[in-house]
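The structure appears below as structure tokens.
In what follows, chains carry the letters A, B, and so on, assigned in the order in which the sequence lines appear, proteins first and then strands, with residues in each chain numbered from 1.
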Amino acid sequence: MAERFQAPRGTFDVLPADAALRERVEAASRELLGRAGYLRIETPAFEDTELFARGVGESTDIVRKEMFTFEDQGGRSITLRPEGTASIARAYLEHGMQKLPQPVKLWWHGPVFRHERPQAGRFRQFTQLDAEAIGSDSPLVDAELIILLDELLRGLEVPALELRLGSLGSPQARAEYRRELISYLRDQAAELAEDVRERIDENPLRAFDSKHEGTRAVMAEAPTMLDRLDAEDSEHFATVRRLLEQAGIKYRLDGTLVRGLDYYTRTVFEFHCGGLGAQSQVAGGGRYDGLVELLGGPATPGCGWAAGIERILLALEGEEPPPRPDVFVAAAEGERERALALATELRHAGLRAELDLAGRGMKGQMRHADRLGVANAVILDEGGAMQLRDMRSGEQREIDVANVVEELAAR
RNA sequence: GUGAGCGUAGCUCAGCUGGUAGAGCUCCUGGUUGUGGUCCAGGUGGUCGCCGGUUCGAAUCCGGUCGCUCACCCCA
């Protein structure tokens, strides 16, 4: 037991029972994003470490302690992608997509890696669905992306959804606000909970989430980022809000949204699902107007989101039974090879056909057919005769070899 | 990285205050020469996570270790 291999910590197998639901999520996103003109892109699962260090930000938890980084045989530092946006921005630049009509709208889904301690809804390898629109600073872009994400989650019937919406403004405004908040907290330190006080410099925004009474009183009076937006950012945000309201999308205004990646500017948002455990965030994203430039390109606005497929699946909670075959071909001892040929023929006709591959006796084959849940069985008798059996009624009659395929296809 | 709970057959679990492993489900075979779903009988399958200690003897007690789960942190 102990010596048996196990999937590495924080990873999992997608078993057949899980596959159908997962495919439904993938199909829904492909369909929805396709209709909105988002085009599919695939980037490598690993990149130059520096891309993430620069793109995501040296000071973020992701870069500081969550990356799977290794040296390849040529001495290059390589990192399994901990998120997708930096790769998309890299591809945008590498392939000169500035020359395309803007914005360039892209989507992808695939594995993402973060070296974290696993827990409910948190894995070391998980799957993200990403949508990105690069090259326009119009608030229409922000709104379109949020509307699409909302439709996706709602269409999948993710329960107890909540959209939180905020704006971070420009990097400068954000930095100024942060300084202001830190000094405000320092002044009020005596009233704050101990854990909040200890993290004033580390993460002052977190004070807003505290359940501590004294802290809550202090925070009720604290300035929020939304109060400190400059005129342009403020107008941009107001337009995004108006567009969402026109689209009938409910949201909770949240001036304390942080996002753990440095590249976010202006609009930020998260979708949460109640009853998901501690990791309730199902999707999140925002605008990143400085990212492309940060990676060495021209000043280029961008906006996008990532949805966690596993968290969505967790919220949907369920398995779908594997598809049932239409027909099972059972064969007497000497007829096994004919069974394969017939099954192949039936498959050509578009039917799901199975046969015994384990050397079962007739009783075993019928039992197996029953468990597969087939509606019909074809039984090949010794000597060439053939029976067609209706597995529900138990009715059975001899049938002509020439007619089996037709007969079954018609059912 | 920190904390808490758990770790017995493929799955769900039982095994009281220590005496050298069980049930249900699943799977396979058979129930008078090859026909299913109910029922009956039988079978496959576990060095009780691992290492060490206490003991005449440990799945059962103690220590360590690994793993899983949940939470903190942070994020999808």
Side-chain angles (χ1 to χ4, degrees), chain A residues 1-12 15 17 56 59-66 81-85 109-130 149 153 158 195 198-199 202-203 205-206 209 257-261 264 268-273 276-285 304-315 328-336 356 358-382 387-396:
Chain A
M1 262 294 261
E3 294 304 313
R4 286 206 307 196
F5 287 111
Q6 270 177 288
R9 163 164 261 210
T11 68
F12 53 88
L15 299 173
V56 177
S59 67
T60 61
D61 277 13
I62 290 180
V63 172
R64 283 199 323 209
K65 47 192 195 193
E66 294 173 5
R81 65 173 165 217
E83 62 102 44
T85 307
H109 80 101
V112 170
F113 308 83
R114 288 186 201 166
H115 194 120
E116 296 188 88
R117 197 88 174 250
Q119 74 186 73
R122 182 154 81 189
F123 308 94
R124 289 187 171 184
Q125 176 180 335
F126 58 102
T127 315
Q128 277 192 345
L129 169 70
D130 251 66
L149 182 52
L153 298 173
V158 177
D195 61 313
E198 280 167 3
R199 299 178 57 80
E202 186 83 12
N203 190 350
L205 273 302
R206 206 178 121 54
D209 299 329
L257 280 189
V258 203
R259 313 293 304 147
L261 298 84
Y264 284 112
V268 287
F269 53 91
E270 296 177 350
F271 275 88
H272 287 258
C273 169
L276 250 200
Q279 310 306 321
S280 66
Q281 192 190 328
V282 151
W305 50 251
I309 300 293
E310 286 75 16
R311 288 192 185 165
I312 291 173
L313 293 172
L314 215 59
F328 186 87
V329 182
E333 201 41 60
E335 308 295 327
R336 293 185 186 276
D356 176 49
R360 293 180 181 85
M362 187 54 71
K363 176 173 180 168
Q365 292 185 53
M366 293 309 288
R367 188 189 301 137
H368 188 58
D370 184 55
R371 284 173 188 163
L372 288 172
V374 296
N376 302 291
V378 172
I379 299 151
L380 303 182
D381 295 328
E382 220 146 350
Q387 313 285 327
L388 178 58
R389 182 181 182 83
D390 182 319
M391 294 298 281
R392 312 194 97 201
S393 65
E395 280 170 43
Q396 178 172 325

inquiry  = Between A:D370 and A:R367, does any NZ, NE, NH1 or NH2 come within less than 4.0 Å of an OD or OE carboxylate oxygen?
reply    =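 A salt bridge is absent here (no side-chain N lies under 4.0 Å from a carboxylate O).
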
inquiry  = Mind checking if A:G277 touches a base, just sugar-phosphate, or nothing, with heavy atoms under 4.0 Å?
reply    =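 Sugar-phosphate only.
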
Taking atom [atom1] in both [N] and [M], what distance in whole Å separates the two?
{"N": "B:rA4", "M": "B:rU55", "atom1": "P", "answer": "30 Å"}
{"N": "B:rC39", "M": "B:rU65", "atom1": "P", "answer": "49 Å"}
{"N": "B:rG63", "M": "B:rG5", "atom1": "P", "answer": "13 Å"}
{"N": "B:rC68", "M": "B:rC73", "atom1": "P", "answer": "22 Å"}

task = Looking only at side-chain atoms of A:D370, point me to the closest of B:rC74, B:rG37, B:rC68.
result =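 The answer is B:rG37, which lies nearest to the side chain.
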
inquiry  = I want to verify a distance call: between B:rC28, B:rG31, B:rU69, whose nearest atom is closest to the A:K363 side chain?
reply    =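 Looking only at side-chain atoms, A:K363 lies closest to B:rG31.
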
request  = Would you mind reading off the distance between A:R124 atom CZ and B:rC74 atom C1', rounded to a whole angstrom?
outcome  =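 Checked: the CZ to C1' distance equals 14 Å.
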
query = Atom CZ of A:R64 and atom OG of A:S59: how far apart are they, to the nearest 0.5 Å?
reply =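 Here the interatomic distance stands at 7.0 Å.
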
Tell whether [X] reaches the base of [N] with its side chain through a donor-acceptor pair below 3.5 angstrom.
{"X": "A:R117", "N": "B:rU2", "value": "yes"}
{"X": "A:R122", "N": "B:rC74", "value": "yes"}
{"X": "A:Q119", "N": "B:rC73", "value": "yes"}

